[in-house]
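Everything below concerns the one structure shown next.
Each chain gets a letter, A, B and so on, in the order the sequences are listed, and its residues count up from 1.
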There are 2 protein chains.
Amino acid sequence: MASTIEDVAARAGVSTATVSRAMRGLDGVSKRSRDKVLEAARELGYVVSPTAQALATGHTGMIAVIVPTFNEWFSANVLEGAQRRLQSAGRLTAVLSASAVRGRPDYDVDVVSLRRRIDGVVNVSLPLTDEETREVAGLGVPVIAVGNPSPPFASVSLADREAGRIATRHLVNLGHRVIAYISGSRDELEPNTPGGQRLEGWRDVLVEEGLEHGPDLVVNSFFDVRGGHDAVLELLERRPDVTAVFAAADMIATGAMVALSEYGLRVPEDISIIGVDGDDTDPWVQLTTVVQDPAEMGAMAADLLLQIIGGGAVPEMTLVHGRLRPGRTTARPRDPEAADASPRRPPRR
Amino acid sequence: MASTIEDVAARAGVSTATVSRAMRGLDGVSKRSRDKVLEAARELGYVVSPTAQALATGHTGMIAVIVPTFNEWFSANVLEGAQRRLQSAGRLTAVLSASAVRGRPDYDVDVVSLRRRIDGVVNVSLPLTDEETREVAGLGVPVIAVGNPSPPFASVSLADREAGRIATRHLVNLGHRVIAYISGSRDELEPNTPGGQRLEGWRDVLVEEGLEHGPDLVVNSFFDVRGGHDAVLELLERRPDVTAVFAAADMIATGAMVALSEYGLRVPEDISIIGVDGDDTDPWVQLTTVVQDPAEMGAMAADLLLQIIGGGAVPEMTLVHGRLRPGRTTARPRDPEAADASPRRPPRR
DNA sequence: CTGTTAGCGCTTTCAC
DNA sequence: GTGAAAGCGCTAACAG
């Protein structure tokens, strides 16, 4: 069943070297030989042994994609996009997940298991420790980061600061004057993280407009639905006069909306909310958001990797533009003038 | 940097054969030799070349997991569970996705790309065509299906019929008498699919109770939120007297609840609804559901595969029990007697 | 218990 | 344009 290169060579009446060249489409093979080889291979159902090929060349044809967890919109779609692109380039995708436990730093990125097995790595939004960075670099293969820039590796990510500007600009244009920003955990607001960059974008616009942008209006919590929920409650306590919220992600926005509803506030009548991502978590809500396309980013990462492997050079940082997608969760503020004057209903619970 | 078995052998003052044995923990090696080898390997930072090992043994140490798409609760969690288990067994997980396009039959399962690369396959709920089944079987490695039983391969799946009984029994116990079943596409209701089995479970209980279980009470649509939405509208048109709905999946239940709310019906006051899965799509809803654990199923599939690879035998079909998780979406029917008499409010849109 | 040696299936000089 | 032959790094008899 499993025929070898020798079988093909014998059948085609040529040497194994010629079969090897012909099968890989190298030139320096006469059309006649090539045809004979291809014909013989077809008849025998011959497929090159990737294993033997790898041993001989040192290239495995395999790319590893590392994700924090598979069950998450961004990672899953980056993986999807990367895997498709890699597959059509004739490569297999191996996967590694770091931790199923959200928010816990005890990742278990088993980098060693990748040694000598792969030709490149795509790291999807997993913040690497210095130790891990060294380990990954020690694999001796090119690495591309997606989502989080993670030096010294090249990266593909959303133009986060710009996304923050787009979102905030949208709210300002609608007439909002007191605009809050809610985001993931405090740790995430370091300047080089997506959350931190989106914060910068928010600030950019508010500064430009001469609007308030103090720490009062920034709330950090966890990067999930529950986090958004809690963040917005904290926000309302601090600043009951807020009329619009920019959430660093759609999940956060979703949690925020739940909390607002519990609080007795309507969206967008009483308060506007905008997110980032465009995952269609709940298509019925029609959240206004800044859309990004992780599958496309995964495909781009794959391309970059293949390019490096092919000996090319690639930009250190590839930024992908987000796009405003207006939904039903943002509107003009109800009564800009009297906003502070009319007290809101107290929480129902 | 990349030292070979010969380097280690030289350093340890033994032959490569001894190094090979020692590294793999085979017995027939003196403690003294073993220690010397391990020591030398450590000093050199030596890692066995999986490629060379594969070429020599015929085993690649790699398992492929095939999913319809990565961005879906069940698949993602099976993958997560399987990958973890495989990793701790020292194996790498390769992935293949079939189609990003839901509901389209033009899968592109590139089975050929797996030839000679893997030791086994886990197929996650991807219905295989006969052709594909032949191709996969032609890989010459063991296969385990998860989610959908898919002969002739062994499978791990939810005890779907039982899950249907659990859900329906719960509704009956609450006092419901007119209980509908809504599910995925018509194609899915063939007896051997999850949807079909859950239908059987529904019927089992209703027959047992002498309650109505005709085709009027069964609505098929698509296996997603939109599908649940549309299905429930169709149902209410056909049977305005229904007081409880068993949805074949939580996503379907979610869509159904949206439709009910649009229709002006409250859950669970006016109508009860129960699903299957226990994905926490929206933790705020607290959907009553029959929970399954796909990560655990993925781990089980991995174990079975490893067992077969190790020369063992495994059961043709492994059924995992679902567990009722009461939430806030089921309750006693409001007024069992007068249900038919009091007409409901018409749709608001 | 340990070493020798012949592969595993392909690629790649180096000659012709 | 083609072939012979030497690896790639490891495992698995087979001797000893």
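Across the protein-nucleic acid pair, B:Arg115 atom CZ and C:dC10 atom P stand 11 Å apart, rounded to whole Å. In this structure, A:Arg117 places its CZ atom 13 Å from P of D:dC10, rounding to the nearest Å. Distance CG (B:Leu26) to P (C:dT2): 13 Å, rounded to an integer number of Å. Between the CE atom of B:Met23 and the P atom of C:dT2 there is a distance of 16 Å, rounded to whole Å. In this entry the distance linking CD of B:Glu6 with C1' of D:dG7 reads 11 Å, nearest Å. Between the NE2 atom of A:His59 and the C1' atom of C:dC10 there is a distance of 14 Å, given to the nearest Å. Computed from coordinates, the A:Tyr46 OH to C:dC10 C1' distance equals 7 Å when rounded to whole Å. Distance, A:Arg34 CZ to D:dG1 C1': 11 Å, rounded to whole Å.
Side chains of A:Arg84 and A:Ser88: no donor on one and acceptor on the other come within 3.5 Å. Side-chain contact annotation: B:Thr60 with B:Asp119, donor-acceptor N/O pair under 3.5 Å present. Counted by atom type alone, A:Gln292 and A:Asp277 present one or more donor-acceptor pairs between their side chains at under 3.5 Å.
Nearest nucleotide to the side chain of A:Ala56, out of D:dG3, C:dG9, C:dG3: C:dG9. In this structure, the nucleotide among C:dG9, D:dG1, D:dA12 sitting nearest to the side chain of B:Thr57 is D:dA12.
Between B:Ser33 and the phosphate of C:dT2, there is a side-chain N or O to OP1/OP2 separation shorter than 4.0 Å. Close to C:dG9, at under 4.0 Å from its OP1 or OP2, lies no side-chain N or O of A:Ser49. Taking side-chain N and O atoms only, B:Ser20 has a distance below 4.0 Å to OP1 or OP2 of D:dT11. Residue A:Thr18 places at least one side-chain N or O closer than 4.0 Å to OP1 or OP2 of D:dG3. Taking side-chain N and O atoms only, A:Arg24 has a distance below 4.0 Å to OP1 or OP2 of C:dT12. Dashed line: the shortest gap from a side-chain N or O of A:Thr4 to OP1 or OP2 of C:dG9 is not under 4.0 Å. Look at A:Gln53 and you'll find a side-chain N or O under 4.0 angstrom from OP1 or OP2 of C:dT11.
The pair A:Glu39-A:Lys36 does not count as a salt bridge, with every side-chain nitrogen at least 4.0 angstrom from each carboxylate oxygen. We find that B:Arg134 and B:Asp130 are not joined by a salt bridge, their nearest charged nitrogen and carboxylate oxygen being 4.0 Å or further apart.
Side-chain atoms of B:Arg21 and base atoms of C:dG3 include a donor and an acceptor less than 3.5 Å apart.
Across all strands, B:Val19 comes closer than 4.0 Å to no nucleic acid atom at all (heavy-atom distances).
Positionally, the nearest nucleotide of DNA chain C for B:Ser15 lies more toward the 5' end than for the other of B:Ser15 and A:Ile5.
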